A.B. asks: 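Before I ask anything, here is the structure I am working with.
Here the structure is a predicted model, which means the values were calculated and not measured. Letters A, B, ... are given to chains in the order of the sequence lines, protein chains preceding strands, and every chain is numbered from 1.
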Amino acid sequence: MKTTIDATPEIAQNAPVNPRRRVYRPNAKYIPILATLVLLLAMYIGGLANLAHFDDPRVVVNLFRDNAVLLVVAVGMTFVILTGGIDLSVGAVISLTTTLTATLLQGGWPPLLVLPLVLVLGALLGSGMGAVIQYFKVEPFIATLAGLFLARGLALYINQESIPIRDKLWVTLSDLRIPLFDGVKTTLIAVVALVVVLIAAAVLAWTRFGRNVYAIGGSADSALLMGLPVARTRVLVYTISGFCAALGGVLFTINSTSGHALQGAGTELDAIAACVIGGVLLTGGSGYVFGTLLGVMVFGLISTIINFQGDLNAAWTRIVVGVLLFGFIVLQRLVTRRAR
Amino acid sequence: MTFLKNRLFWPIAILVAMLIVNVFTSHEFLTIHDGHLFGTLIDIIRGSAPLMLVALGMTLVISTGGIDLSVGSVMAISGAVACLLIKDLSDQNAVGAVLLIVAVSIGVSALLGLWNGTLVAVVGIQPIIATLILMVAGRGLAQLITDGQIINVQSNPYASIATGFFLTLPVAFLIAMAAVALTAVLTRRTALGLLLESVGGSPAASRLAGIRARRITMMVYVVSGAFAGLAGLIVSADIKSADSIHAGDLIELDAILAVVIGGTALIGGRFSIIGTVIGALLIQTLTVTVVGVGVPPKATLLFKAVIVVALCLSQSPVFREKVFGRFKPRPAVRAEVTA
């Protein structure tokens, strides 16, 4: 501030009056999300310029199919992080859901009973952790770590092997193709993931519950003093995260028509990283579901490009993700520091 | 009845209970073979060494209000560096060269810790995210070092880090104990521990009080990295190879758990080294006991979850108040202090 006035006093005086001098300045709260969008576009354009067949619209459409599970889980994680918490159990809940679904279906349970059952189970696990966090003041990190051990332990206890799913409904859903345009088709799970994103964005933007989530993340004490239902909101947020993780597990079983207890290991950190890349602040109170969507797309595009490139191995994928994560966090840090 | 209120009472009670179970269930609890101590008890203290080292570094990091998620990846890198260098030695059994390589690996790990510390203290990134970067990228680096393979080495001096015995006790355990003793002396016999807790309580206030908060924050991440590197060497020496994918997998969560069981608060500002040692022993004993009792190993995580929930609830003041509070006469006036 001081330097601009000292260096260019005339411009500084004229700036508010002269319309030609007025530059578009986005609201500071949108800067992280815009930065992600710009990087995503730059990556896509870079891919178009350098890689053959990258201009196929299927590249974009498949991003949603390949990352549907991560997307759904990351949406749930967004709610939790917005309140200033963290949920380490989501990967384990995916494991539990895929194993349980596959085992029950193999045992001949009706699919229309299995589906709601596993979703409710995920939600219940989440609300249990939320209750422990809210009512016994256990750190979210520790409470959800216990949830991780519990869910992964249950999954391993049920079955350690990969279990194929032969159920008719699951196979039908897995084979279902939804035509979009010009012969480009997508799968059911991509559509479900996108619907989840839209619902979550609407809930956060337009409902009282959404506003409470932001308020708790800003300051739980102030929210309490304002008379907001902090306890209910916080428990609900973990319930949503548990539900989303279970839904992610179901989507996984539909995609692969199998269940495995080790599936989903590490998804929690991918989801947290996607949120952070998308501009959701880990301290809570700031961020958008669409940012998380962009974060997941960044993750997906990195692996797509690495697949197209063909000569980079898995080790490089991790390193590139780490470097990008670093770049984003530093950028975010600079942006938020200036905004203050 | 004051000992019942001690934070470490329940962890120690559970630890002792599990050890007693082991006396009955294990084939040999504690015997002497060829001048060495052998048995389940020795297995427990030998097996707990890597976790103890990692948890020790984690304790210091958490005492400053931070967290270090990258320890598992640092372990993988340290093991990979050591095995890569040892494999190229003309004589893999040369003690001097192996010691030098061990020092290099620990140095590399300390540098990785410095990277974490710089991100946290200088750039000002949240610790959980700053260390998440190295957690993600580090395993990739380790895979790159080993070229995606498992590097096997045939070095007896290297293997003795994990499997050797000295004064009838396992070398790995002695290394961990030396680290514990050194840390305890440095933090409790000098002002360092006080400074750490001060930085954990409030970095800004301690800076105003003349404490170099930044330097102290960086130092704890360096120490955490170096200890993780040492733990990585023990794990890799135990299997005489570098497994960049599985070395130290999920150990960060176990380490945090050990720290929390030991009564160190995750928000920082206070820490207990002896608590962490007991926490690490408890986790390792739990793993050994569950298998020893005859429960299938896959159920270990379930037991862990139950113990975590029980211990954390027993340490939660709100839970104590709600569950045990009604049996006590309430004071007439009670000041409500919300954290």
A.B. asks: Heavy-atom distance under 4.5 Å to chain A: side chain of B:Leu69, backbone, both or neither?
C.D. replies: side chain

A.B. asks: Will you find, in the side chains of A:Asn159 and A:Thr103, an N or O donor that is under 3.5 Å from an N or O acceptor?
C.D. replies: no

A.B. asks: Could you check if a side-chain atom of B:Ser224 sits within less than 4.5 angstrom of a side-chain atom of B:Val71, using non-hydrogen atoms only?
C.D. replies: yes

A.B. asks: Counting only heavy atoms closer than 4.5 Å, note whether A:Tyr135 contacts chain B via side chain, backbone, both or neither.
C.D. replies: both

A.B. asks: If you count heavy-atom pairs under 4.5 Å with chain B, which of A:Ile272, A:Asp270, A:Leu282 comes out on top?
C.D. replies: A:Leu282

A.B. asks: When only pairs under 4.5 Å are counted, which of A:Ile86, A:Ile142, A:Leu148 shares the most heavy-atom pairs with chain B?
C.D. replies: A:Ile142

A.B. asks: Less than 4.5 Å to any heavy atom of chain B: does that hold for the side chain of A:Leu145, its backbone, both, or neither?
C.D. replies: side chain

A.B. asks: Does any donor atom in the side chain of A:Ser89 or A:Thr144 lie under 3.5 Å from an acceptor atom in the other side chain?
C.D. replies: no

A.B. asks: Verify whether one side chain among B:Thr217 and B:Thr64 offers a donor that lies under 3.5 Å from an acceptor in the other.
C.D. replies: no

A.B. asks: A:Val323, A:Leu269, A:Val138: which one forms the most heavy-atom pairs within less than 4.5 Å of chain B?
C.D. replies: A:Leu269

A.B. asks: Show the atom names and distances, to 0.1 Å, of all donor-acceptor pairs under 3.5 Å that link a side chain in residues 250-259 of chain B to residues at least two apart or in another chain.
C.D. replies:
residue	atom	partner	partner atom	Å
B:Asp254	OD1	B:Lys304	NZ	3.0
B:Asp254	OD2	B:Lys304	NZ	3.2

